[in-house]
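What follows is a single structure, written as structure tokens, with notes after it.
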Amino acid sequence: MFNRFFEFVKEKQLFESHQRVLLAVSGGIDSMVLLHLFEKSGFEYGIAHCNFNLRGEESDGDEKFVRGQVQFHGIPAFFQRFETEEYANLNGISIEMAARELRYDYFEKIRVEKNYDFIATAHHQDDLIETFFLNLSRKTGIKGLTGIKEKTGRIIRPLLFACRQEIEDFARSNFIEFREDSSNIEVVYLRNFLRHKIIPLFHELNPAFKKNILASIENLKEAEQVYSRCLRAEHDKVVEKNKEEIVIKIEPLQNTLFPKVLLFEILSDFNFNSSVTDEIFQGLENDSGKQFFSKTHRLVKDRDRLFITPFSEKEERIFYIEKDDIELFDPLDLLIEKYDAKDFLISKESNVASLDLGELEFPLLIRKWRQGDYFQPLGMTGFKKVSDFFIDEKIPLHQKENIWLLCSGKKIVWIIGLRIDNRFKITTKTKMVYTIEMRKS
């Protein structure tokens with residue numbers, strides 16, 4: 001397996017021998033085999049481990065095990081814990097998708113900060129087959145049917161030459177320690193359902209099933225290259241780039257042979273899913289001004305064009321308020337005062353926030369709102385996305401873009417001029433009141 005590992009890295013040009021690789025290590029058999037191969041290879045590497053807090057003591061046990069392996073191997077390592085269920089609920093996504101987003105964002109953060117060249121995951125051939133069926137069930141284009149690639153940007157998958165059985169045999173013969181993940185047998189997860197229920201049935205029908213699927217995926221990869229080459233020629237007829245703005249010309253798009261397919265492929269590069277793309281395509285003849293959003297971009301329909309822009313980062317400036325500050329002039333004109341809570345009367349003006357000083361963590365910060373922000377609106381016990389709050393309050397788009405948040409640590413204290421967070425309200429236990437008034441121009 002060592003020789004096949006080296007040959008695969010070289011053949012697929014995953015990385016050069018002098019480059020540094022960050023390994024994603026969960027403690028399971030796949031990632032521990034990957035760690036073992038890198039340890040024996042002489043490559044320079046570190047590891048990153050995520051504790052998603054989904055399996056209680058078992059998750060903590062995985063983290064403890066990996067920490068022990070780090071000490072044994074004497075390698076650089078990075079650990080992070082996540083509140084995965086909360087993140088999933090707040091973003092309206094599955095636990096699986098939440099864990100995926102959290103871990104890849106974290107891996108990339110560490111890669112950049114610690115100067116690693118690539119991130120290596122322990123995906124193998126069985127994962128490739130499962131992903132093929134997952135994508136097929138969720139509605140996908142030809143790219144989705146090509147499954148997991150050996151190299152995608154800074155992500156590499158050095159175990160894609162091996163199947164699960166080969167990895168298990170190698171672990172046993174080399175006495176590699178690993179942790180069993182009990183959630184791998186729970187068929188409530190779609191991937192596990194495919195793994196334990198569906199794929200074994202195909203194998204019963206044809207013992208060569210896995211081999212044939214892998215060969216079919218290779219055929220699809222070649223077909224996808226031809227498909228992409230044809231699309232690029234059509235793409236250039238309908239797409240223009242103007243600084244930070246992508247423009248799709250509607251009439252030339254409609255005059256292509258397969259306008260819906262072309263639109264899907266163009267928009268997938270900007271993280272628009274197939275459902276949103278269908279809605280955009282159906283609305284090409286409708287009135288101007290309608291907007292559509294992906295996680296990273298906004299699309300606006302004009303009369304004869306579609307305009308795609310990334311979410312603005314120009315307002316990512318952050319302003320700080322120290323505990324003794326009494327006013328602020330940029331980005332807003334704010335007056336800050338403190339009062340004894342005994343005789344304080346709460347202002348009903350929306351431009352004034354009356355807060356419990358004891359609950360605030362200084363320095364406070366002021367920033368623009370972002371997709372995914374959430375808070376606990378005054379009077380509510382549950383959390384709400386800031387974007388949903390704006391919808392409920394019927395706040396127009398141009399006003400949303402000019403709204404600032406007051407934050408204490410990672411918590412939103414006040415959507416300035418609109419609503420404070422219930423966690424910072426004045427109560428009978430409040431000793432000192434902290435007020436901020438947004439002075440009107």
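Given the structure is predicted, the values throughout are model-derived calculations rather than measurements.
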Does any part of the side chain of [Y], heavy atoms only, come nearer than 4.5 Å to the side chain of [X], both counted from C-beta?
| X | Y | value |
| --- | --- | --- |
| K368 | W404 | yes |
| L159 | H123 | no |
| L160 | D127 | no |

Compute both the distance and the angle, then confirm whether [X] meets the cation-pi test with [Y]: under 6.0 Å from the six-membered ring centre, within 45 degrees of the axis.
| X | Y | result |
| --- | --- | --- |
| K400 | W369 | no |
| R4 | F161 | no |
| R67 | F79 | yes |

Using atom types as modelled and distance alone, determine if a side-chain donor or acceptor of [X] lies under 3.5 Å from a backbone N or O of [Y].
| X | Y | answer |
| --- | --- | --- |
| S228 | Q225 | no |
| K12 | K151 | no |
| E222 | N219 | no |
| N135 | L145 | no |
| T430 | M432 | no |

Fill in: Option passing salt bridge (charged side-chain N to carboxylate O under 4.0 Å, His left out) with D126 (candidates R164, R191, R195)
R164
Does either side chain, that of [X] or that of [Y], offer a donor lying less than 3.5 Å from an acceptor on the other one?
| X | Y | result |
| --- | --- | --- |
| S59 | N53 | no |
| N271 | S294 | no |
| N51 | D62 | no |

Got a sec: does the [atom1] of [X] have more than 12 other heavy atoms crowding it under 6.0 Å?
| X | atom1 | result |
| --- | --- | --- |
| E85 | CD | no |
| F258 | CZ | no |
| R81 | CZ | yes |

Atom pairs and distances, side-chain donor-acceptor, residues 21-36, under 3.5 Å, sequence neighbours left out:
{"unit_1": "S26", "atom_1": "OG", "unit_2": "G28", "atom_2": "N", "d": "3.1"}
{"unit_1": "S26", "atom_1": "OG", "unit_2": "S31", "atom_2": "OG", "d": "3.3"}
{"unit_1": "D30", "atom_1": "OD2", "unit_2": "H124", "atom_2": "NE2", "d": "3.3"}
{"unit_1": "S31", "atom_1": "OG", "unit_2": "S26", "atom_2": "N", "d": "3.2"}
{"unit_1": "S31", "atom_1": "OG", "unit_2": "G27", "atom_2": "N", "d": "3.2"}
{"unit_1": "S31", "atom_1": "OG", "unit_2": "G28", "atom_2": "O", "d": "3.3"}

For residues 198-206, run the donor-acceptor check on the side chains, cut-off 3.5 Å, and write out each pair with its distance to 0.1 Å, sequence neighbours left out.
{"unit_1": "H203", "atom_1": "NE2", "unit_2": "P207", "atom_2": "O", "d": "3.4"}
{"unit_1": "N206", "atom_1": "OD1", "unit_2": "A208", "atom_2": "N", "d": "3.0"}

Nearest 0.5 Å, please: how far is [atom2] in [Y] from [atom1] in [X]?
| X | Y | atom1 | atom2 | answer |
| --- | --- | --- | --- | --- |
| Y227 | L220 | OH | CG | 12.0 Å |
| L306 | I308 | CG | CD1 | 7.0 Å |
| S408 | I321 | OG | CD1 | 11.0 Å |
| F8 | R157 | CZ | CZ | 10.5 Å |
| M1 | K40 | CE | NZ | 15.0 Å |
| L267 | T277 | CG | OG1 | 4.5 Å |

Discussion item. Considering only residues two or more places apart or on different chains, which pairs with a residue in residues 268-284 satisfy salt bridge (charged side-chain N to carboxylate O under 4.0 Å, His left out)?
Written reply: K139-D278, K260-D278, E279-K290
Item to complete: Start with the C-alpha distance between I420 and K425, add both sets of side-chain angles, then the distance that settles side-chain contact (heavy atoms from CB on, under 4.5 Å), and finish with yes or no.
Response: CA-CA 7 Å; I420 70 167; K425 69 181 179 182; 4.2 Å; yes
Check: residues 379-386 side-chain donor-acceptor pairs under 3.5 Å, at least two apart:
{"unit_1": "K384", "atom_1": "NZ", "unit_2": "D392", "atom_2": "OD2", "d": "2.7"}
{"unit_1": "K385", "atom_1": "NZ", "unit_2": "L90", "atom_2": "O", "d": "3.4"}
{"unit_1": "K385", "atom_1": "NZ", "unit_2": "N91", "atom_2": "O", "d": "3.4"}

Practice prompt. Kindly determine whether Y434 and E359 satisfy side-chain hydrogen bond (donor to acceptor under 3.5 Å, both in side chains), including the steps that lead there.
Written response: CA-CA 10 Å; Y434 186 88; E359 296 296 325; over 6 Å; no
Discussion item. Is the distance between the ring centroids of F193 and F133 under 6.0 Å?
Written reply: no
Worksheet, complete the sentence: Taking every heavy atom of L128 against every heavy atom of T146, the minimum-distance pair comes out as CD1-O, 4.0 Å
Practice prompt. Of all the heavy-atom pairs spanning T256 and E234, show the shortest one and how long it is.
Written response: CG2-OE1, 3.2 Å
Practice prompt. Determine the interplanar angle of the F118 and F15 rings, folded into 0 to 90°, and report it as parallel if under 30°, tilted if 30 to 60°, perpendicular if over 60°.
Written response: tilted
Response to the item:
Residue set satisfying side chain to side chain contact (heavy atoms under 4.5 Å, CB included) with D421, at least two apart, ordered chain then number -> F375, Q376, R423, F424
Closer than 4.0 angstrom, basic N to acidic O: yes or no for [X] and [Y]?
| X | Y | answer |
| --- | --- | --- |
| K64 | E57 | no |
| E7 | K10 | no |
| E224 | K221 | no |
| E361 | K411 | no |
| R419 | E393 | yes |

Worksheet item: Would R172 and D169 satisfy salt bridge (charged side-chain N to carboxylate O under 4.0 Å, His left out), going step by step from the backbone distance to the final call?
Response: CA-CA 5 Å; R172 278 195 299 269; D169 293 343; 2.5 Å; yes
Worksheet item: Where do Q291 and K301 land on the side-chain contact (heavy atoms from CB on, under 4.5 Å) test, with the steps shown first?
Response: CA-CA 7 Å; Q291 299 183 78; K301 182 190 178 297; over 6 Å; no
Fill in: side-chain hydrogen bond (donor to acceptor under 3.5 Å, both in side chains) assessment of Y116 paired with Q19
CA-CA 8 Å; Y116 285 92; Q19 293 181 307; over 6 Å; no
Worksheet, complete the sentence: Contacts satisfying side chain to side chain donor-acceptor pair (under 3.5 Å) that involve residues 101-112 (not counting sequence neighbours) are Y87-E101, E101-K295, E108-R111, K109-E113
